[in-house]
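Numbers restart at 1 for each chain; the letters A, B, ... are given by sequence-line order, proteins then strands. None of these values were measured; they are calculated from a predicted model.
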Amino acid sequence: MGHYLEDLNEQQRIAVTHIDGPLMIIAGAGSGKTKVLTSRIAHLIASGIKPGQILALTFTTKAAKEMQGRIFKLLPPTVSPVGLFVGTFHSIFCRILKVEGHQLGYPQNFTIYDTDDSKQVIKYIIKELSLSDEEYNPKDLYSRISSLKNMFIQAHDYVKDKELTKIDELAKRPLFYKIYQYYTQYCFRNGALDFDDLLLKTYELFTKHPACRERYQKQFQYVLIDEYQDTNKIQYLITNLIASISRNICVVGDDAQSIYGFRGATIENILKFAKDYPETKIVKLEQNYRSTGHILQTANAVIANNQSKIDKKLWSNNELGDKIKIVQASNEYEEAKIIADKIQEQALRYHYGFNEFAILYRNNRLSRSLEDSLRHKNIPYKIYGGTSFYQRSEVKDFLAYIKFITNKNDVVSLLRIINYPTRGIGLTSINTIQAFAQDKQIPLYECLKMVKEIPDIKPSTAVTITNFINKIDELATIINEVNAYRFTIAVEETFGIAKSEINKIEKNKDATRYENMRELINSTQEFVELRSADDSNAVGITNYLEEVSLLTNEDNDNQPKPTVKLMTIHASKGLEFPVVFIVGVEEGLLPSHYQDSDLEEERRLFYVAITRSKQKLFLSFATSRRNYSGNAMPTLVSRFISEIPEEYLDKSMVGYASSGNYNAPNRVVNSPKFPKKYEPYPKKIETKHTPQLINTIPKSKPIADHIPSPNFTPSSPQLITEGQKIEHQKIGYGTVLKIENPRTQPIALINFEIGGEKRIMLQYAKIRIVQ
DNA sequence: GGTACAGGGGTTTTT
DNA sequence: CCCCTGTACC
């Protein structure tokens, strides 16, 4: 025991060994924050505190998992961390509400609505109130409701507050109060909680039921909160409530890295912590172990321009290292090309692996040109972000079945599946039944059960609906009898959801919907296997749902291939890379000119981006960039660059472009007279046949009259990899561009010489590897 | 009920 | 420019 104290610096050791009383750790970028947090938990346990008395809260599942893993490693094998509460705010409070929610009138099997579901609810309400969705825009309404909830202003409080209602009157939505009320009722009646409710209702539970609150106050003697600068008001309220008796609350954060103000995080929480707890011990972790001197000094110089901050200065024993390279390009394609060239050069000259590079941008749109240039140079890359697996519509379609069977009050899921796959229950019938339900004040599901008694419903439709409901009810009886995988299989066998997608593949040549559904089924199997390995009995579909509803990230990060990583600056927080490129460092982009974005937050964003880098940092900008309408517009270099002292900068690549080394692929593009867009880089064409020949053949027409070569013997699907030349028995020659879903049901994206790109399911196709 | 095309709108993102 | 939504039509 105690080995975890050995490689800590003085400040880190103070933080780790502090046991009782409030503690605030101001942890600069790269100062060993997670190490301190996990070591402190290990230390608490080693000091005799029971794991079950410790509550550690994070924002992301990723952070929670990492913490769990690291704590486990720190503990001696004789000590078990079982019972330790490490998780996201949402998952921990979800668990509490599963047990205690009945006191607020929620069923034990409540459904969790994600952002899409919530917006759907709002859409229904707008329709019901016959409002126009121009003035009452669902997206805006959702974010308004969400931010109110995050400030702990519920519908009944909102109505009473003149200042708040005035805001919405001025925003030309005087009926907002009604929407908020209806929304609250709708969710409640559906037995559903949205993401914000998981926090809000936990707080309400604790304020309304003192006995319940006291139990948790007693249980959680030690509360730890990661990324405290990102907490919003409701999170602040709950954690303070839980810790108000023990006063053993430890928060870790860095005000300089607060970049989520736009979604309700308030930097105030960290700034006023010491006022809330006058006896707070404050520890500042200022030694940076990550970056070289120039990078660190640059970061310090930039952040010094912010007014509101906690005083601290990062320092390091690391060498000064390279200066920060400023790259100027004339447009985004040139910028992308320079970066791709630099990556290649750095990789060759300094033996960096491709996984040691990251390209960061403010805005997802900027990834496009980078993607093109990397592909052009055959540099492997992966773009992080975008819609995650569980948000895909087909996955949600499938999950809606499971959600509805679990909770039959969930109208959102019901309406999603009632005619999917199409079974002849059209909009007219649905509207009639809904009107009936509304009129008679009977839950929609009950109406479906008595559909025969509803006037204006055709007998044949009634039969279809009854069949549907019977199948649902039948499945509901086995929910707790079988594991998640068996249950999912049963749902698929009953309704043929994924199966219904197979027919569409032929038509659309797009198997992704089917694929993702298969993947979902596989994931339930994985879930069961994983949990069984942990000796857990929680392998049912409700357990699976709970996990999946709160897990929106695809953390399939175990990439076999080293890749350059492309992501937004927001997504890069908490990560580090040897070589970092920050692109689009221009006015309007970084800092963003969007509406009322906060300049100091933009600067913190730039600060976060800089401090991701360990050894080399490139800041690039283009003097002209295309806007949404495709027109090249002149740009200005970001003011943030001028905040960096000249002596840290290497400007040898400024004006580099105009020296003629980097010609844009097409210079005519600036002219608006050429509406037809150029291809950034010509697509590679395999030249076995002459291009002319290809051009004479209509592209869309499927070519099935290829005569296989005399030595045609199909290769095993496992042997087919990216980049190979292959011969398809029916389609002909082509190059494998990509293998999708290599683990489950591999599909190859093949660029055929005749017929172009096609997706081929390898397990069925007869394909011979040519080379 | 599914497709095809017009029109609109378009930061950052976790749960 | 690109993607998503809604509507008109088959």
Side-chain angles (χ1 to χ4, degrees), chain A residues 57-64 87-94 112-118 123 133-134 137-139 143 146 149-150 193-200 227 230-232 234-235 258-265 332 360-369 384-388 390-391 393 419-428 503-504 507-508 546-553 555 567-574 584 588-598 601-602 604-606 608-609 625-633 669 672 675-678 680:
Chain A
L57 297 167
T58 66
F59 279 82
T60 64
T61 31
K62 198 173 153 199
T88 64
F89 279 93
H90 291 83
S91 73
I92 298 278
F93 295 153
C94 177
I112 297 168
Y113 279 170
D114 70 11
T115 310
D116 275 352
D117 301 324
S118 298
K123 280 183 193 164
D133 56 4
E134 309 230 325
N137 169 283
K139 203 180 141 205
S143 66
S146 174
K149 284 185 174 181
N150 284 327
L193 289 108
D194 68 15
F195 286 143
D196 302 314
D197 285 336
L198 292 174
L199 310 181
L200 183 82
E227 307 277 15
D230 290 336
T231 49
N232 59 32
I234 193 80
Q235 289 162 331
S258 164
I259 55 173
Y260 285 107
F262 69 93
R263 63 173 200 226
E332 66 268 39
L360 310 180
Y361 34 80
R362 175 63 224 265
N363 176 315
N364 279 314
R365 192 161 54 93
L366 299 194
S367 65
R368 187 168 303 274
S369 50
Y384 290 77
T387 35
S388 74
Y390 293 104
Q391 282 173 325
S393 71
N419 198 30
Y420 171 82
T422 47
R423 52 174 71 85
I425 306 173
L427 253 184
T428 342
N503 312 329
K504 298 185 193 167
K507 264 189 186 170
N508 309 341
E546 183 184 322
E547 178 163 302
V548 147
S549 305
L550 296 174
L551 188 128
T552 40
N553 249 359
D555 18 17
M567 66 185 88
T568 64
I569 300 172
H570 282 93
S572 75
K573 195 166 140 204
L589 233 39
L590 187 62
S592 162
H593 279 175
Y594 187 79
Q595 283 180 38
D596 39 19
S597 47
D598 168 9
E601 181 151 315
E602 295 295 313
R604 291 193 291 270
L605 202 48
F606 189 47
V608 167
R625 188 177 295 274
R626 278 165 190 286
N627 63 9
Y628 285 122
S629 33
N631 299 320
M633 304 293 278
V669 294
K676 190 152 166 52
K677 290 290 123 33
Y678 68 97

Check: For the side chain of A:R263, counting heavy atoms from C-beta on, which of B:dT14, B:dT11, B:dT15 is nearest?
Finding: B:dT14
Margin query: Quick check on B:dT15: is either OP1 or OP2 less than 4.0 Å from any side-chain nitrogen or oxygen of A:S91?
Written below: no
Next item on the list: Output the single nucleotide from B:dT13, B:dT15, C:dC2 whose closest atom is nearest the side chain of A:R368.
Entry: C:dC2
Next item on the list: Provide, to the nearest angstrom, the distance between the CG atom belonging to A:D194 and the C1' atom belonging to B:dT13.
Entry: 16 Å
Item checked: A:Y384 side-chain N/O to B:dT12 phosphate OP1/OP2 under 4.0 Å -> no
Check: Out of B:dT13, B:dT11, B:dT15, which has the shortest distance to the side chain of A:R362?
Finding: B:dT11
Note to self: I need the OH-P distance between A:Y628 and C:dC4, as an integer number of Å.
What the structure shows: 14 Å
Notebook entry, point to check: Among B:dT15, B:dT13, B:dT11, which is the nearest nucleotide to the side chain of A:Y260?
Noted result: B:dT13
Next item on the list: Using a strict 4.0 Å threshold on nitrogen-to-oxygen distance, state whether A:E332 and A:R368 make a salt bridge.
Entry: no
Item checked: side chain to side chain contact (heavy atoms under 4.5 Å, CB included) evaluation trace for A:T58 with A:E227 -> CA-CA 7 Å; A:T58 66; A:E227 307 277 15; over 6 Å; no
Margin query: On the side chain of A:T568, is there an atom forming a donor-acceptor pair with the base of B:dT13 - under 3.5 Å, no angle test?
Written below: no
Item checked: Trace of the side chain to side chain contact (heavy atoms under 4.5 Å, CB included) decision for A:L550 with A:F195 -> CA-CA 8 Å; A:L550 296 174; A:F195 286 143; 4.0 Å; yes
Checklist line | C1' atoms of B:dT14 and C:dC3, separation to the nearest Å | finding: 23 Å
Margin query: If I take atom CG in residue A:N631 and atom C1' in nucleotide C:dC1, what distance separates them, rounded to the nearest angstrom?
Written below: 10 Å
Next item on the list: Please report the closest heavy-atom contact between A:C94 and A:I112, naming both atoms and the distance.
Entry: SG-CD1, 3.8 Å
Checklist line | side-chain N/O A:N364 vs B:dT13 OP1/OP2, d < 4.0 Å | finding: yes
Next item on the list: If the plane angle is over 60° it's perpendicular, under 30° parallel, otherwise tilted; pick one for A:H570 and A:Y260.
Entry: tilted
Next item on the list: Let me know, please, whether A:N419 or A:E602 comes out on the 5' side of the other along DNA chain B by nearest nucleotide.
Entry: A:N419
Next item on the list: Applying salt bridge (charged side-chain N to carboxylate O under 4.0 Å, His left out), name anything that partners A:D230, two or more places apart in sequence or on another chain.
Entry: A:K573
Check: Taking OH from A:Y361 and P from B:dT13, how many angstroms apart are they, rounded to a whole number?
Finding: 9 Å
Notebook entry, point to check: Just how far, in rounded Å, is C1' of B:dT14 from CG of A:D230?
Noted result: 10 Å
Note to self: Nearest whole Å is fine: how far is B:dT13 P from A:H90 NE2?
What the structure shows: 17 Å
Notebook entry, point to check: In whole Å, what is the span from the NE2 atom of A:H593 to the C1' atom of B:dG10?
Noted result: 17 Å
Notebook entry, point to check: Given that A:F89 and A:F262 both sit by DNA chain B, which one's nearest nucleotide is further toward the 5' end?
Noted result: A:F262
Check: Reckon A:N627 has a side-chain N or O less than 4.0 Å from the OP1 or OP2 of C:dC1?
Finding: no
Check: Say you pick atom C1' in C:dG6 and the same atom in B:dT11; how far apart are they, in whole Å?
Finding: 25 Å
Checklist line | Whole angstrom value for the distance that separates P of B:dT14 from CG of A:N150 | finding: 15 Å
